[in-house]
Every structure is written in C-alpha cells, then in structure tokens.
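Report on the structure given below.
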2 protein chains.
Amino acid sequence: MLNLKQDHSTLVVLSVLADGPSYGYAISKAIAAKSDGHFKLTASGMYPLLTKLEKQGLVSTSWEEVKAEGADPDASGRKRKWYTLSPKGRRQLDKHIEAHKQMLHLLDNFLAPAHTSTSPST
Amino acid sequence: MLNLKQDHSTLVVLSVLADGPSYGYAISKAIAAKSDGHFKLTASGMYPLLTKLEKQGLVSTSWEEVKAEGADPDASGRKRKWYTLSPKGRRQLDKHIEAHKQMLHLLDNFLAPAHTSTSPST
DNA sequence: CTTGGATATATCAGAACTCGATATATACTT
DNA sequence: AAGTATATATCGAGTTCTGATATATCCAAG
C-alpha cells in the first residue's frame with residue numbers, strides 16, 4: 001500500500017476526475033479501487049491537494065446536499081463538495097502524463113547499462 | 001532540466017556509484033552528463049543525501065587529498081570525500097529499481113482506459 | 001599578481017510537503 | 001446506544017526542498 005506523494009497524487013486525482021465529477025471521499029475510494037488497493041491517498045493528503053487544484057483553476061467546485069432515502073425534505077443533511085475537471089485541468093493532466101512518461105524514459109536511459117549501443121530499435 | 005526529488009536522487013546516486021566510487025562534485029556532474037543535461041542534483045541536495053546514505057550504511061566513505069601537479073608534497077591541498085557503494089547499498093539499489101518499475105506498472109494500469117478487459121496477457 | 005571561473009564540501013533558512021491524529025457532523029446498522 | 005461508514009477539514013511535529021551563503025584550493029587569463 002503506497003502512500004502517494006504530491007506529484008503522483010495530482011496525476012491520479014486529475015485522472016479520476018477525467019472520468020467525471022466526483023468528491024473527496026469518493027475520489028479516495030476510487031483511487032484505492034482503481035489501483036487494486038495499491039495506492040492510498042488519505043484525507044490529510046486529499047483535501048489540501050484539492051484546495052490547491054481549485055486555486056490553480058484546474059478544477060471547479062460546487063456544494064451539494066446528500067438526500068437521505070426517507071428524509072424530511074426540510075432537513076439539512078450531509079454535504080458534498082463536488083470537483084469537476086476544468087479545460088485547464090484537462091490540459092494539465094495531459095502535461096502531467098507526458099512529463100511522467102518522459103521521466104520514465106530518462107530514468108530508463110539513465111539506469112540502462114552504459115552500452116552506448118544506440119540500438120536502431122524503438 | 002528536472003530537479004530530482006529524494007526518491008529519484010537516491011536511485012540515481014546509487015546508480016552512479018554502482019559504476020565505481022566517486023565524490024559529491026563528480027556525482028553531480030555525472031548525473032548531468034549521463035542524463036544528457038536533463039537531471040540536476042545540486043550541492044544543497046547532494047550533500048545531505050550522501051550523509052543520509054552514509055548513516056544508512058548504503059555507502060562507505062573516505063577522505064583523500066587531491067594532489068596538485070607540481071605541488072609541494074608537504075602542502076595540504078584540496079580534499080575529496082569518496083563514496084563507495086556497500087553491499088547493502090547494492091541491494092538497496094536493486095530494491096529501488098524494482099520499486100520504481102512497480103510504480104510505473106501500477107501507474108500505467110491506473111491511467112489506462114477503464115476497459116475492464118482483464119486481458120489474459122501479462 | 002590579481003581577478004575570475006572551476007573545483008570541492010557543507011550549512012542555513014524560509015517555504016513546501018508529509019501524515020497520523022484530531023475535530024465535527026450526519027447516516028446506517030445492530 | 002454503540003459502532004461503523006460517510007464526508008470534509010485542520011493541526012502540528014517532522015521531513016524535504018532549494019536558492020543563497022560560507023569556506024577554501026586550483027588554474028588560467030589579463
């Protein structure tokens with residue numbers, strides 16, 4: 001169970017939101033589920049990150065009341081803060097994925113034995 | 001020019017030391033060269049990291065005087081602190097590489113379209 | 001011989017980040 | 001009534017990041 005750091009958290013959260021709007025608690029569960037239990041992003045990592053993404057304009061937000069089944073229509077129930085990926089967030093996700101891929105590529109090259117082979121494959 | 005964070009720094013520094021003993025300044029230059037100028041690990045990141053690796057027993061150290069060409073044999077010249085990868089450091093490097101590869105694999109799966117295909121490959 | 005750039009190690013300090021613990025409140029189940 | 005799940009959020013001690021600073025030697029150009 002890997003606790004995600006900011007860079008990976010951002011990538012993963014934006015990726016979840018690319019599938020459609022969601023909210024903190026659900027995103028956290030989605031990350032655990034989608035990663036088959038390997039990734040973990042807890043509340044203390046999630047909410048500051050979401051606030052940051054909001055400030056950066058990568059997501060837009062709205063509050064919505066959670067209606068209970070047989071609830072009194074006048075009762076004020078639990079609230080959810082929904083996050084929606086903005087066009088800017090969309091572009092940022094693409095950038096993050098690209099940056100991630102480049103990092104992989106550079107690290108692979110770095111770690112590869114110093115063959116200097118410049119193999120014609122790829 | 002990417003400034004390396006601790007995880008990647010550790011991986012990259014141990015990797016450089018796997019090619020043979022070296023010292024801070026040279027490691028920094030080697031990282032820039034070996035990454036074709038893409039990775040940067042500056043003094044303020046390098047020395048605390050090397051100290052940490054030493055404390056963890058991943059590297060062993062020794063001081064050596066840099067002899068100048070026509071220098072007075074009695075003159076005390078510049079000093080270098082050499083770092084040598086320990087057997088434990090060797091094993092740790094392998095672990096880091098494995099962890100890195102697993103992270104790639106997990107992130108790729110996460111970012112892949114939600115096909116739910118459960119393809120029999122791999 | 002003096003100025004500056006390269007070599008070489010190292011710390012400082014403000015900022016940012018990490019992460020378990022805590023706080024608050026509603027909803028559902030037993 | 002108690003316990004678990006849902007839901008958002010902050011606190012704070014510890015760690016990490018990074019440009020700036022400090023110190024000192026070596027070498028080449030002016």
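We use all heavy atoms of the structure for the numbers below, so side chains are in, but hydrogens, waters and symmetry mates are not. In what follows, chains carry the letters A, B, and so on, assigned in the order in which the sequence lines appear, proteins first and then strands, with residues in each chain numbered from 1.
Counting only heavy atoms from C-beta on, A:Arg78 has its side chain closest to C:dA27 among D:dT18, C:dT18, C:dA27. Here the side chain of B:Tyr23 is nearest to one of C:dC19, C:dT9, D:dC17, namely C:dT9. Picking from C:dA10, D:dT18, D:dA7 the nucleotide with the shortest atom distance to the side chain of B:Tyr47 gives C:dA10. Closest to the side chain of A:Gln6, out of C:dC17, C:dT9, D:dT8, is C:dC17. Side-chain proximity of A:Tyr25 to the nucleotides C:dA6, D:dA7, D:dA9 is greatest for D:dA7. Side-chain proximity of B:Ser44 to the nucleotides D:dT10, D:dT6, D:dT18 is greatest for D:dT18.
For the pair B:Asp108 and A:Lys101, the salt-bridge criterion is not met [side-chain N within less than 4.0 Å of a carboxylate O].
A donor-acceptor contact shorter than 3.5 Å links the side chain of A:Ser86 to the backbone of A:Leu58. Counting only distance, with no hydrogens or angles, the side chain of A:Ser9 and the backbone of A:Lys5 share a donor-acceptor pair below 3.5 Å.
Atom-to-atom, CD of A:Glu65 to P of D:dA7 comes out at 13 Å; the value is rounded to the nearest Å. With rounding to whole Å, B:Asp7 atom CG is found 13 Å from C:dT18 atom C1'. Between the P atom of D:dT16 and the CG atom of B:Leu41 lies a distance of 14 Å, rounded to the nearest Å. In this structure, B:Leu50 atom CG and C:dT11 atom P are separated by 11 Å, rounded to whole Å. Computed from coordinates, the A:Leu53 CG to D:dT8 P distance equals 15 Å when rounded to whole Å. Across the protein-nucleic acid pair, A:Arg80 atom CZ and C:dA27 atom P stand 11 Å apart, rounded to whole Å. Between A:Lys81 atom NZ and C:dA25 atom P there is a gap of 18 Å when expressed in whole angstrom units. Protein atom CD of B:Glu64 is 11 Å distant from nucleotide atom P of C:dT9, rounded to whole Å.
The cationic group of B:Lys81 does not satisfy the cation-pi geometry with B:Tyr23, failing either the under 6.0 Å distance to the six-membered ring centre or the 45° limit from the ring axis.
In this model, the phosphate group of C:dC17 is approached by a side-chain N or O of A:Lys52 to a distance below 4.0 Å at OP1 or OP2. In terms of phosphate contacts, A:Lys5 brings no side-chain nitrogen or oxygen within less than 4.0 Å of OP1 or OP2 of D:dT16. The side chain of B:Asn3 places no N or O atom within less than 4.0 Å of a non-bridging phosphate oxygen (OP1 or OP2) of D:dC17.
Among the atoms of the strands shown, none is found under 4.0 Å from any heavy atom of B:Lys40. A:Gly45 comes within 4.0 angstrom of no nucleic acid atom, judged by non-hydrogen atoms across all strands. As judged by a 4.0 angstrom heavy-atom cut-off over every strand, B:Trp63 is placed among residues touching the sugar-phosphate backbone only.
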Which is it for B:Val66 and B:Lys79 under the side-chain contact (heavy atoms from CB on, under 4.5 Å) test, yes or no, and what are the steps along the way?
CA-CA 6 Å; B:Val66 181; B:Lys79 282 171 190 168; over 6 Å; no

